[in-house]
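See structure below.
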Protein chains: 2
Amino acid sequence: MRPVEEIAAALREKGLKLTPQRRLIIEVLSRDRSHPTVDEVYRQVLRTMPEVSRTTVYNTIREMTALGEIVEVQDYGDGGIRYDTSAEAHHHFFCRECRTLFDLDGDPPLPERYGGALEGAAIERQQLTVYGVCPGCLKKAR
Amino acid sequence: MRPVEEIAAALREKGLKLTPQRRLIIEVLSRDRSHPTVDEVYRQVLRTMPEVSRTTVYNTIREMTALGEIVEVQDYGDGGIRYDTSAEAHHHFFCRECRTLFDLDGDPPLPERYGGALEGAAIERQQLTVYGVCPGCLKKAR
DNA sequence: AAACTATGTAGTAACCATTATAAATAGAAA
DNA sequence: TTTCTATTTATAATGGTTACTACATAGTTT
């Protein structure tokens, strides 16, 4: 996620205001790289502003998603949609044991290698997810 | 998805029975390559057996997922989890305009290229999703 | 500064996909 | 047939998300 100042500028461009609640939610989002759910963001926000409503967190996260500042990631059915708050393109590894989504380094592969169906399409983003069992869970299994 | 006979064998191995309801649901699943939701499968099932309950469809799809016969794909928030019933490894293109998930051809990229975080992990499957706007929607936009 | 307007927030209720529960049913084994 | 177990059905409960309403706030104009 970009610095708060840049996001504030993007908000103003859309006619939106940088309220204290939005500022705090954006700060929490830009700090958290653990692919948090709305509820996890909400609980972090409450530590600083205990009177913020869940609705405001939902609204702000929806606005940030519309601005392209954050991105939804596969939620795997545990307690809600998860959000990726990292601006840099990167990939994921999902451990089916501990159900954690890890970030991977490295550049995305080129879409040209994936057949002719993409001819004439506008590519905006690509996301690789690798599934398996992480080293920690493999050790526990023994 | 594999032929019904092979799936029946996999069921028996787990001590599960191939009931008429399960057989029909599996047939619908193996026919449908459009990444259907549970409700879409349910409505197809009703055409042949109108008295099958939604719960049975949920249960059977959960069992098939546990057996690895089908796989959840990113649902993007429209009406439920979508399932991929294709046995062959392949990738997806998601059009953010018409919200359709297209299949792509081509081989998966090698996980070795994605950094050291995968050292010692057991890789089982990988899935690339390309995001953008499909040729049809691009034309309409003009 | 006061009044006006538009936007944002909070709280509650509604929504809908999914899961849990309990009763009815079917099929296999004895 | 009787019993036992797995399955199906119907309904209720759950939980994340959205809709709605009233109130508060910020920015602007006079």
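Letters A, B, ... mirror the listed sequences (proteins, then strands); counts begin at 1.
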Atom CD1 of Ile81(A) and atom CD of Glu72(A): how far apart are they, to the nearest 0.5 Å?
4.5 Å
Applying side-chain hydrogen bond (donor to acceptor under 3.5 Å, both in side chains) to Thr65(B) and not counting sequence neighbours gives none
What pairs meet the ring-ring contact (aromatic ring centres under 6.0 Å, His included) rule with one or both residues in residues 123-142 of chain B, with sequence neighbours excluded?
none
With sequence neighbours excluded, give me every salt bridge (Lys or Arg N to Asp or Glu O under 4.0 Å) pair touching residues 4-23 of chain A.
Arg2(A)-Glu6(A), Arg22(A)-Glu63(A), Arg23(A)-Glu27(A)
Members of residues 3-29 of chain A that approach DNA chain C, where some heavy atom sits under 4.0 Å away
Leu16(A), Lys17(A), Thr19(A), Gln21(A), Arg22(A)
Sorted by number, the residues of residues 48-62 of chain A with heavy-atom contact under 4.0 Å to DNA chain C:
Glu51(A), Val52(A), Ser53(A), Thr55(A), Thr56(A)
Which nucleotide of DNA chain C is the first, and which the last, in the 5' to 3' direction, to come under 4.0 Å of a heavy atom belonging to chain B?
dA17(C) to dA20(C)
Looking at residues at least two apart in the chain, or sitting in another chain, which of them share a side chain to side chain contact (heavy atoms under 4.5 Å, CB included) with Lys139(B)?
Arg142(B)
Note: chain A reaches DNA chain D at heavy-atom distances under 4.0 Å over the stretch, first to last nt, 5' to 3', of dG16(D) to dA19(D)
Mind jotting down which residue pairs meet the salt bridge (Lys or Arg N to Asp or Glu O under 4.0 Å) criterion with at least one end in residues 83-98 of chain B? Sequence neighbours excluded, please.
Glu124(A)-Arg96(B)
Give, for atom NZ of Lys140(A) and atom SG of Cys98(A), the distance between the pair rounded to the nearest 0.5 Å.
6.5 Å
Residues two or more places apart in sequence or in another chain: which of them pass salt bridge (Lys or Arg N to Asp or Glu O under 4.0 Å) with Asp39(B)?
Arg43(B), Arg54(B)
What residues, two or more places apart in sequence or in another chain, satisfy side chain to side chain contact (heavy atoms under 4.5 Å, CB included) together with Leu138(B)?
Ala122(A), Val133(B)
Would you name the heavy atoms of Phe93(B) and Ala121(A) that are closest together and state the gap between them?
CZ-CB, 3.9 Å
If you look only at pairs with a residue in residues 17-38 of chain B, which of them pass as a ring-ring contact (aromatic ring centres under 6.0 Å, His included), with sequence neighbours excluded?
His35(B)-His92(B)
So, the side chain of Thr37(A) versus the backbone of Gly80(A): is there a donor-acceptor pair under 3.5 Å, distance only?
no
